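Please read the structure below before turning to the comments.
Position 1 is the first residue of the sequence, and the numbers go up from there. Just follow the structure's listing: the first ligand is 1, and inside any ligand the first atom is 1. Model, not experiment: these values are computed from the prediction.
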Amino acid sequence: MTQSTDLNLSIFERAKRVIPGGVNSPVRAFNAVGGTPRFVRRAQGAYFWDQNEQQFTDYIGSWGPMILGHGHPEVLAAVQAAALEGFSFGAPTEREVVLAEKILSLMPSMDMVRLVSSGTEAGMSALRLARGYTGRNKIVKFNGCYHGHADALLVKAGSGLATFGASSSAGVPQDVVKDTVVLEYNDVSQLEQAFAQFGGDIACVIMEPIAGNMNFVRASVDFTRRIRELTREHGALMIYDEVMTGFRVALGGAQSVYAQQIPGFEPDITVMGKVIGGGMPLAAFGARRAIMEKLSPLGPVYQAGTLSGNPIATACGLRTLELISAPGFHEALHARTGRLMAGLKAEADAAGIPFSVDHQGGLFGFYLLPELPATWAEVMKTDGALFNRFFHGMLERGHYFAPALYEAGFVSAAHTEADIDKTVQAAREVFKTL
Ligand code: KE4
């Protein structure tokens with residue numbers, strides 16, 4: 001295809017004149033991998049078609065929401081019916097209650113939940129709630145974990161032990177991040193030192209249970225257990241950011257997976273998003289009643305939103321959660337994702353390419369590394385140029401993976417074994433070119 005006939009390129013040039021970078025979220029710009037982003041014209045099932053009408057097998061699925069695949073007929077019907085009743089009221093609706101009850105039935109660590117419109121909003125609100133509940137200011141996050149772009153969370157790892165983070169974005173004053181401590185993920189000794197140093201001042205520890213923003217790095221059981229023990233011991237709250245993992249790695253989220261290995265495990269606050277909106281703007285955070293009742297209008301922690309609990313988004317999310325609650329849904333999704341991982345690994349091994357894989361339910365990660373990494377620094381040992389050649393080789397053949405080596409991948413219930421096998425076949429060809 002020549003540059004002049006590439007309709008993605010022409011719309012991208014036009015977009016860049018009116019939208020910063022031509023995109024409404026940075027990762028979409030392909031800056032990490034180079035080349036022209038594919039502008040999606042429409043999507044259905046496991047596929048989308050770009051401006052040139054090229055078909056792609058979609059392993060991003062809107063970064064997680066599209067767990068049923070695009071355009072599931074029953075979800076579509078629910079959205080269409082809701083739209084006919086009205087778009088937004090700024091007043092409570094029954095369906096918000098039904099959705100809240102459904103979420104709580106799937107995650108028993110929570111008694112109450114508040115619906116919002118994005119994962120960022122949910123994470124930001126959860127932090128404020130933890131600070132309001134404990135009366136403390138310090139928060140702990142981990143290098144490589146992303147929890148949305150709220151100011152206090154835009155922090156890069158300081159050098160040395162538990163130094164307070166330095167702002168990672170222009171426009172975020174150092175004063176705003178002075179109470180944010182950044183530690184190494186999976187580093188138990190650093191965690192223990194931080195709590196020994198200022199445990200009594202820590203409001204919360206926020207973590208991704210499986211770090212999908214490092215592609216796919218599992219928190220070790222020991223690390224998870226120590227966070228739970230130390231937060232309890234020092235009166236801090238454990239915030240589990242399940243925006244990506246929630247209802248995707250298992251029906252009960254990552255907390256249900258870790259509870260199998262840590263008897264009685266549950267976080268204090270859970271942050272959710274993506275799947276619970278089914279592709280519409282909807283996210284949430286929840287906790288035990290004693291914590292949630294600190295929230296306005298009951299308590300002193302303010303939190304609000306014009307479109308919170310939007311009636312069309314709740315219809316989309318509720319139908320999605322109902323459908324993925326079907327018996328065996330996540331087991332089948334785990335097996336399907338495993339087929340992809342095993343296939344890619346076998347082809348990489350046959351081609352002598354260093355390759356490691358991991359997955360849980362419909363979330364997966366692969367690394368052009370011989371062993372699975374456990375920290376951000378290890379993830380970044382990946383040969384970026386090699387990854388980019390793999391990414392573009394697959395893209396040219398119509399298989400759409402995350403355009404960055406530190407992003408996760410997503411399989412939906414719409415991906416058939418034949419789809420997976422075609423992707424593996426394409427990888428066989430691409431590995432030979434690396
Ligand atoms: P949103 O504000 O993008 O809805 O959610 C923020 C968020 C919070 N927590 C976790 C664990 C997340 O993964 C995210 C958002 N994930 C990215 C993908 N790495 C969304 C893609 C994007 O930023 O465009």
Are Thr423 and Tyr59 linked by a side-chain donor-acceptor pair shorter than 3.5 Å?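 Tyr59 and Thr423 do have a side-chain donor-acceptor pair below 3.5 Å.
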Rounded to the nearest 0.5 Å, what separates atom CZ in Phe216 from atom CD in Glu208?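 Rounded to the nearest 0.5 Å, the CZ-CD separation comes out at 11.0 Å.
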Per-ligand residue contacts, ligand 1, heavy-atom threshold under 4.0 Å: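 The answer is Ser25, Val27, Trp63, Ser118, Gly119, Thr120, Tyr146, His147, Gly148, Glu208, Asn213, Asp241, Val243, Met244, Lys274, Glu407, counting any residue whose heavy atom sits under 4.0 Å from ligand 1.
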Please check this pair: side chain of Lys274 against backbone of Trp63, looking for a donor-acceptor N/O pair closer than 3.5 Å.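 Yes.
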Can you list the steps and then say if Gln303 with Arg114 is a side chain to side chain donor-acceptor pair (under 3.5 Å)? CA-CA 9 Å; Gln303 191 277 334; Arg114 172 61 60 85; 2.6 Å; yes
Under 3.5 Å, sequence neighbours excluded: what are the donor-acceptor pairs made by side chains of residues 378-387?
residue: Glu378; atom: OE1; partner: Ala374; partner atom: N; Å: 2.6
residue: Thr382; atom: OG1; partner: Val379; partner atom: O; Å: 2.8
residue: Asp383; atom: OD1; partner: Ala385; partner atom: N; Å: 3.0
residue: Asp383; atom: OD1; partner: Leu386; partner atom: N; Å: 3.0

Please test Arg228 against Asp268 for salt bridge (charged side-chain N to carboxylate O under 4.0 Å, His left out), starting from the C-alpha separation and ending with a verdict. CA-CA 9 Å; Arg228 180 63 287 178; Asp268 293 303; 2.7 Å; yes
